[in-house]
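Here the structure is laid out as structure tokens; the discussion comes afterwards.
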Amino acid sequence: MSPAQPSIPGDCFAPDYAQARRRFLQAAQAATLTVHSEPHPLPGRDGEALAVDAVLDGAPDTQRLLIVSSGCHGIEGHAGSAVQIALLRDAVFRKAAHGAGVALLHLHALNPHGFSFGHRVTHENVDLNRNFVDFSQPRPHNPLLPRLAPVLLPERWPPTPGNRLALYGFALRHGIRATQTTISQGQYQDPEGLFFGGNGPSWSRLALERLLARFGSHARRIGWIDVHTGLGPNGVAERILAGRPEPVLLKRARAWWGPGLTCTQEGSSSSAVLMGEMWQAAAATCPQAELTAMVMEVGTQSKLKVLDALRGDQWLRLHPQAGEKQRAAIHQRMREAFYTETPAWQAAVLAQGCELALQAVRGLAAT
């Protein structure tokens, strides 16, 4: 199978969730595909309806299923939504996938509330990609976080020079990698803190599990591309393994997506090792399937700028009395940390996303 590279439409990106959803639904309609929606219980920023929208492009009883998901981290949904729209509009790619016996499942805006409001977390302040733990068991422990948490969320914003010195001092004492891991791996103690994994399954987790059970129960082989932004050089998509780094899985994933596929447990990724990752939903709801999953992580700004944007957004959640000018500045920094609104960045996202999807189709079709 050697289909042409998927085409890249120029208007796949949308300025907000409502328009992104509208374009996604229009692309599905134009492809004569049915949409199954999981309605969110709350309205969006402008009063719009929120939902996780699922579109199956292929046979319902498929043995080979490629999942493409967007918006796990809300505001990061701009990139993933655009990739999904491009793939739905690409007749050459869709024909090649169907000819190879591969169905595509598009899961649009897994965290629609965060996408709409410009936050990374869900309406419960849960980091969805830390929420997939067994809540009947003791919570995972983040041992260094109690020392760092007061520094991460100071009383004043912007942070004082003293606060920044305290953060840098922690990094000097414990190392950059340990600091990143402490901040971002997830925590289950402070519901108002950064990277909170939840006290139980979030609304988005439950919606995702229902969709995977509905559309993935027949699949023998599942590939999954989950699109994220915020780590790495601007416009460059890191390919990160999503799963336990067992030798057979690593070999298969690198055969699909190239030897440059990174792995957090190996220390080769820009991401830290995380707790409660989302790929575990497919392993739990579709145990009959061989799962090959990856995160497409598109860079935007430096890690420090992205961290500052997250700290500011969380500070604002804790200080709703902040003035309008300060609120607007914090929201704009969040947007810039996870979405670069330039034609070059957008073209890079689409080119790399379509390439990864094509590679996954070939991998799934291989016997």
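Everything numeric in this text was worked out from a predicted model, so none of it was measured.
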Exercise for review: Dump the intermediate steps for side chain to side chain contact (heavy atoms under 4.5 Å, CB included) on Leu350 and Gln346, then the final yes or no.
Suggested key: CA-CA 6 Å; Leu350 292 181; Gln346 293 174 349; 5.7 Å; no
Practice item. Using the side chain to side chain contact (heavy atoms under 4.5 Å, CB included) rule, take Phe215 and Ile67 through it: C-alpha gap first, then chi angles, then the decisive distance, then the call. Key: CA-CA 10 Å; Phe215 292 105; Ile67 301 169; over 6 Å; no
Practice item. Decide side-chain hydrogen bond (donor to acceptor under 3.5 Å, both in side chains) for Ser81 and His108; before the verdict, give the C-alpha distance in whole Å, the side-chain angles of both, and the deciding distance to 0.1 Å. Key: CA-CA 6 Å; Ser81 174; His108 186 266; 2.8 Å; yes
Practice item. Decide side chain to side chain contact (heavy atoms under 4.5 Å, CB included) for Tyr339 and Phe13; before the verdict, give the C-alpha distance in whole Å, the side-chain angles of both, and the deciding distance to 0.1 Å. Key: CA-CA 10 Å; Tyr339 178 32; Phe13 283 85; 3.7 Å; yes
Exercise for review: I would like to know whether Arg205 and Leu208 meet side chain to side chain contact (heavy atoms under 4.5 Å, CB included); could you show each step before the answer?
Suggested key: CA-CA 5 Å; Arg205 170 178 169 171; Leu208 172 60; 5.8 Å; no
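Residues Asp57 and His98 bring a donor and an acceptor atom of their side chains to less than 3.5 Å of each other. For the 3.5 Å distance criterion, the side chains of Glu297 and Ser270 fail to qualify, holding no donor opposite an acceptor. Remark: the Asn234 side chain and the Thr300 side chain contain no N/O donor-acceptor pair separated by less than 3.5 Å. His113 and Asn111 are not linked by any side-chain donor-acceptor pair at a separation below 3.5 angstrom, with hydrogens and angles left out of the test. In this structure, a donor-acceptor pair under 3.5 Å is absent between the side chains of Trp224 and Thr292. A side-chain donor-acceptor contact under 3.5 Å links His36 and Arg214.
Here Ser202 contributes atom OG and Asp127 contributes atom CG; the two are 9.5 Å apart, rounded to the nearest 0.5 Å. The distance from atom OG1 of Thr122 to atom CD of Glu124, rounded to the nearest 0.5 Å, is 3.5 Å. Note that NE2 of His319 is 9.5 Å distant from CD of Gln326, once rounded to the nearest 0.5 Å. We find the OG1-CG distance between Thr285 and Leu211 to be 10.0 Å, quoted to the nearest 0.5 Å. Interatomic distance, Leu152 CG to Trp315 CH2, rounded to the nearest 0.5 Å: 15.5 Å. Rounding to the nearest 0.5 angstrom, the gap separating the OG atom in Ser70 from the CD1 atom in Ile225 is 12.5 Å.
Residues Val52 and Leu110 share a closest heavy-atom pair of CG2-O, 3.6 Å. When all heavy atoms of Glu38 and Trp203 are compared, the pair lying nearest together is O-CH2, 3.4 Å. Taking every heavy atom of both residues into account, Gly193 and Gln314 meet most closely at O-NE2, 3.6 Å. Nearest heavy-atom pair, Leu66 versus Ala360, reported as atom, atom and distance to 0.1 Å: CD1-CB, 3.7 Å. Nearest heavy-atom pair, Gln84 versus Val68, reported as atom, atom and distance to 0.1 Å: NE2-O, 2.8 Å. Closest non-hydrogen pair, Ala14 versus Gln19, comes out as CB-C, 3.7 Å.
Side-chain contact between Val298 and Trp345 is present, with heavy atoms from C-beta onward closer than 4.5 Å. Between Met278 and Leu128, some side-chain heavy-atom pair lies under the 4.5 Å cut-off. Looking at heavy atoms from C-beta onward, Leu241 lies out of side-chain contact with Thr262 at the 4.5 angstrom threshold. Within the 4.5 Å cutoff, the side chain of Leu56 has no heavy atoms near those of the Leu33 side chain. Here the side chains of Pro39 and Leu50 are not in contact, with every heavy-atom distance at 4.5 Å or above. Using a 4.5 Å cut-off on side-chain heavy atoms (C-beta onward), His228 and Cys72 make contact. Side-chain atoms of Arg252 and Arg221, non-hydrogen and from C-beta on, do get closer than 4.5 Å to each other. Considering only heavy atoms from C-beta on, Tyr188 comes within 4.5 Å of Met275 through its side chain.
We find that Glu341 and Arg335 are joined by a salt bridge, their nearest charged nitrogen and carboxylate oxygen being less than 4.0 Å apart. Lys251 and Glu246 are not joined by a salt bridge, as no carboxylate oxygen comes within less than 4.0 angstrom of a charged side-chain nitrogen. Contact check on Asp313 versus Arg120 returns no salt bridge, with no Lys/Arg side-chain nitrogen under 4.0 Å from an Asp/Glu carboxylate oxygen. Salt-bridge formation is detected for the pair Glu266/Arg254: a Lys NZ or Arg NE/NH1/NH2 atom is positioned less than 4.0 Å from an Asp or Glu carboxylate oxygen. With salt bridges taken as basic N to acidic carboxylate O contacts below 4.0 Å, none links Arg130 and Glu277. A salt bridge is defined here as a Lys NZ or Arg NE, NH1 or NH2 lying under 4.0 Å from an Asp or Glu carboxylate O, and Arg220 with Glu290 fails to meet this definition. The pair Asp308-Lys305 fails the salt-bridge criterion, with no side-chain N (NZ, NE, NH1 or NH2) lying under 4.0 Å from an Asp/Glu carboxylate O.
Remark: Arg244 CZ is loosely packed, at most 12 non-hydrogen atoms of other residues, nucleotides or ligands lying under 6.0 Å away. The local environment of CD in Glu155 is sparse, with at most 12 non-hydrogen atoms from other residues, nucleotides or ligands closer than 6.0 Å.
Leu105 and Val102 end up in different hydrophobic clusters when Ile, Leu, Val, Met, Phe, Trp and Tyr side chains are linked at under 4.5 Å. Using a 4.5 Å cut-off between side-chain heavy atoms of Ile, Leu, Val, Met, Phe, Trp and Tyr, with links allowed through other members, Trp279 and Phe132 fall into the same hydrophobic cluster. Each of Leu316 and Leu194 belongs to its own hydrophobic cluster when Ile, Leu, Val, Met, Phe, Trp and Tyr are linked at side-chain heavy-atom distances under 4.5 angstrom. Neither Met334 nor Phe117 shares a network with the other; the hydrophobic side chains, linked directly or stepwise wherever heavy atoms of I, L, V, M, F, W or Y lie under 4.5 Å apart, form separate groups for each. There is no path of hydrophobic side-chain contacts, each under 4.5 Å, that joins Leu250 to Leu274.
Just one residue in the list His78, His73, His40 forms a ring pair (Phe, Tyr, Trp, His ring centres under 6.0 Å) with Phe115, and that residue is His78.
Judged by distance alone, with hydrogens and angles left aside, the side-chain atoms of Ser268 form a donor-acceptor pair with the main-chain N or O of Cys263 at under 3.5 Å. Here the side chain of Arg164 pairs no donor or acceptor atom with the backbone of Thr160 at under 3.5 angstrom. Side chain of Asp190 to main chain of Glu192: a donor-acceptor pair is present (N/O by atom type, distance under 3.5 Å, no hydrogens or angles). Counting only distance, with no hydrogens or angles, the side chain of Ser116 and the backbone of Pro112 share no donor-acceptor pair below 3.5 Å. Proximity of a side-chain donor or acceptor of Thr181 to a complementary backbone N or O of Gln185 within less than 3.5 Å is not detected. The closest donor-acceptor contact from the side chain of Asn142 to the backbone of Gln187 lies at 3.5 Å or more, if one exists at all. Formation of a donor-acceptor pair under 3.5 Å by the Arg333 side chain with backbone atoms of Gly312 is not found in this model. Remark: the backbone N or O of Val151 is paired with a side-chain donor or acceptor of Asn163 at under 3.5 angstrom. Between the Thr229 side chain and the Phe338 main chain, a donor and an acceptor come within less than 3.5 Å of each other. In this structure, the side chain of Asn131 engages the main chain of Gly197 through a donor-acceptor pair within 3.5 Å.
Between His174 and Phe170, the angle of the ring planes lies from 30° to 60°, which puts this pair in the tilted group.
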